S.K.: 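The structure that follows is given in the form of structure tokens.
Start at 1 with the first residue, then count along the sequence. Fair warning: this is a prediction, and the values are worked out from it, not measured in the lab. Worth knowing before you read on, the calculation uses all heavy atoms, side chains too, and leaves out hydrogens, waters and symmetry mates.
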Amino acid sequence: MAAYRWKSFDENEDRPTKPRRYGVTEMRSPLYNLFSHNVLQDIFESMGEYVDGLKFCGGSHSLMPKTSLKEIIDMAHRHDVYVSTGDWAEHIIRKGPSAFKHYVEECKQMGFDTVELNAGSLGMPEETLLRFVRLVKSGGMKVKPHFEVKFNVSDIPRGGDRAYGAYIPPAPRSFELVEDVDLLIRRAERCLEAGADMIMIDADDVSKHADNMRADIIAKIIGRLGIEKTMFEASNPRTSEWFIKQYGPKVNLFIDHSDLVDVECLRGRNLGIDHASVLGSSYFLL
């Protein structure tokens with residue numbers, strides 16, 4: 001009889017073991033669907049070696065009883081998984097600077113490791129953002145500023161077959177979506193100088209569709225900030241595959257829990273889109 005064994009991820013020498021400075025995988029917490037305590041526990045026990053962080057998105061942690069929230073945070077810590085607040089601070093800042101300081105102190109008491117600051121949603125001057133970065137750092141936690149990249153959709157070449165020489169009407173330009181990427185990078189650089197640990201890039205139009213990826217924008221961001229200091233939100237498996245193919249297993253990704261296994265297989269073997277999830281023939285060794 002043929003004996004099978006599961007592939008070994010230890011053969012990848014480019015990605016260190018936890019705690020990692022690069023090749024980080026941050027997983028989305030309950031948001032679009034509710035996780036039971038057992039589901040999270042199963043993920044950590046079976047794939048905890050490949051989960052670096054757990055992020056509470058959309059303020060989901062604010063809806064949970066503190067006892068349940070503390071149980072999840074403690075369970076994550078037992079598996080060497082850091083816990084991030086997600087971009088919820090903008091709702092607190094409306095109550096004033098003192099409320100934000102109290103929020104940081106409460107996050108520390110609950111056991112959160114990272115506070116995320118959404119620079120776009122906060123809508124504040126740069127100096128105020130930098131002051132909040134320093135406040136979080138002085139509170140003994142890591143801070144991750146969150147930036148969005150927007151660009152004109154009409155700048156993406158249209159695909160599809162068409163007759164040679166056929167007239168293609170130009171797409172209407174929507175100038176409100178255009179953003180100065182150099183300005184974004186300069187703001188991110190100042191946040192890093194102020195003590196930020198990593199920059200989260202919500203690429204949205206840039207990375208939502210892998211077929212229309214603006215590789216020039218991604219390359220400029222990584223070239224200026226460094227691959228260790230940037231994390232990209234990968235909204236679907238094809239986007240994750242694009243990032244890993246382009247930048248290898250060292251790229252930091254924020255993904256949905258359902259993509260975790262596929263992403264780690266890609267990191268370990270740099271497989272293509274036709275890897276048939278995790279049960280292709282290349283995963284079994286005779």
Side-chain angles (χ1 to χ4, degrees), residues 17-21 23-119 121-122 132-146 195-200 202 231 233 252-261 263-264:
T17 57
K18 296 197 309 185
R20 287 181 271 265
R21 293 182 297 107
V24 173
T25 298
E26 187 171 290
M27 187 182 75
R28 180 181 285 112
S29 73
L31 176 60
Y32 303 111
N33 51 11
L34 294 177
F35 285 2
S36 69
H37 185 278
N38 292 336
V39 170
L40 280 173
Q41 186 172 354
D42 290 343
I43 292 175
F44 290 146
E45 290 181 354
S46 60
M47 296 293 291
E49 181 181 349
Y50 314 112
V51 180
D52 297 275
L54 176 69
K55 173 179 171 180
F56 284 87
C57 298
S60 56
H61 60 289
S62 65
L63 303 176
M64 302 174 62
K66 288 187 176 181
T67 53
S68 300
L69 180 60
K70 192 69 169 63
E71 288 179 3
I72 293 176
I73 293 175
D74 291 342
M75 178 173 58
H77 287 165
R78 287 195 296 271
H79 292 86
D80 296 324
V81 174
Y82 69 80
V83 185
S84 173
T85 61
D87 51 347
W88 184 244
E90 62 269 22
H91 300 279
I92 305 298
I93 290 178
R94 297 172 184 171
K95 301 178 182 179
S98 59
F100 180 76
K101 184 177 181 181
H102 177 72
Y103 169 71
V104 172
E105 293 173 351
E106 188 174 13
C107 288
K108 178 67 173 179
Q109 293 174 359
M110 291 298 297
F112 281 99
D113 306 284
T114 302
V115 173
E116 189 168 300
L117 300 174
N118 192 318
S121 299
L122 291 175
F132 284 151
V133 169
R134 298 186 187 100
L135 191 152
V136 175
K137 291 295 292 185
S138 65
M141 289 187 293
K142 294 183 178 181
V143 58
K144 184 189 296 178
H146 181 131
D197 299 272
M198 188 175 289
I199 302 297
M200 172 71 83
D202 181 4
M231 176 177 286
E233 180 172 353
N252 304 315
L253 295 175
F254 170 62
I255 64 173
D256 187 77
H257 75 284
S258 60
D259 300 331
L260 178 61
V261 175
V263 167
E264 290 308 316

S.K.: As an exercise, state the distance from CZ of Arg21 to CE of Met198, rounded to the nearest 0.5 Å.
M.R.: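 Interatomic distance, Arg21 CZ to Met198 CE, rounded to 0.5 Å: 10.0 Å.
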S.K.: Taking Lys18 for the side chain and His79 for the main chain, is one N or O donor matched with an acceptor at less than 3.5 Å?
M.R.: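 Checked: pair present.
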S.K.: Salt bridge or not for Glu26 and Lys144, using N-O below 4.0 Å?
M.R.: yes
S.K.: Side chains of Glu264 and Thr25: any donor to acceptor distance under 3.5 Å?
M.R.: yes
S.K.: Please report the closest heavy-atom contact between Thr85 and Cys107, naming both atoms and the distance.
M.R.: CG2-SG, 3.7 Å
S.K.: Any salt bridge linking Asp52 with Arg20? Criterion: basic side-chain nitrogen under 4.0 Å from a carboxylate oxygen.
M.R.: yes
S.K.: For the residue pair Phe112 and Phe56, does the interplanar ring angle fall in the parallel (under 30°), tilted (30 to 60°) or perpendicular (over 60°) class?
M.R.: perpendicular
S.K.: So which atom in Lys66 and which in Met110 form the shortest heavy-atom distance, rounded to 0.1 Å?
M.R.: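 It is O-CE, 3.5 Å.
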S.K.: With heavy-atom distances below 4.5 Å as the criterion, would you say the side chains of Thr114 and Lys55 are in contact?
M.R.: no
S.K.: Run the side chain to side chain contact (heavy atoms under 4.5 Å, CB included) test on Lys137 and Asp197 for me, step by step, so that the C-alpha distance in whole Å, both residues' side-chain angles and the decisive distance to 0.1 Å come before the verdict.
M.R.: CA-CA 9 Å; Lys137 291 295 292 185; Asp197 299 272; 3.1 Å; yes
S.K.: When rounded to the nearest 0.5 angstrom, what is the spacing between OG in Ser84 and CE in Met200?
M.R.: 7.0 Å
S.K.: Is any side-chain heavy atom of Glu233 less than 4.5 Å from a side-chain heavy atom of Arg28?
M.R.: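 Counting from C-beta outward, Glu233 and Arg28 do come under 4.5 Å.
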S.K.: Minimum heavy-atom separation for Leu260 to Tyr50, with atom names?
M.R.: CD1-O, 4.1 Å
S.K.: Between Leu135 and Lys101, what is the shortest heavy-atom contact and its length?
M.R.: CD2-CA, 4.3 Å
S.K.: Might you point out which heavy atoms bring Leu253 and Val263 nearest each other, and give the distance in Å?
M.R.: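 So the minimum-distance heavy-atom pair works out to CD1-CG1, 4.4 Å.
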S.K.: Working to the nearest 0.5 Å, report the span between CD of Gln109 and CD of Glu105.
M.R.: 7.0 Å
S.K.: Determine whether Asp113 and Lys142 satisfy the following criterion, side chain to side chain contact (heavy atoms under 4.5 Å, CB included), listing intermediate values before the conclusion.
M.R.: CA-CA 6 Å; Asp113 306 284; Lys142 294 183 178 181; over 6 Å; no
S.K.: List the atom of Phe100, the atom of Val136, and the distance in Å for their closest heavy-atom pair.
M.R.: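 For Phe100 and Val136, the tightest heavy-atom pair comes out as CZ-CG2, 4.0 Å.
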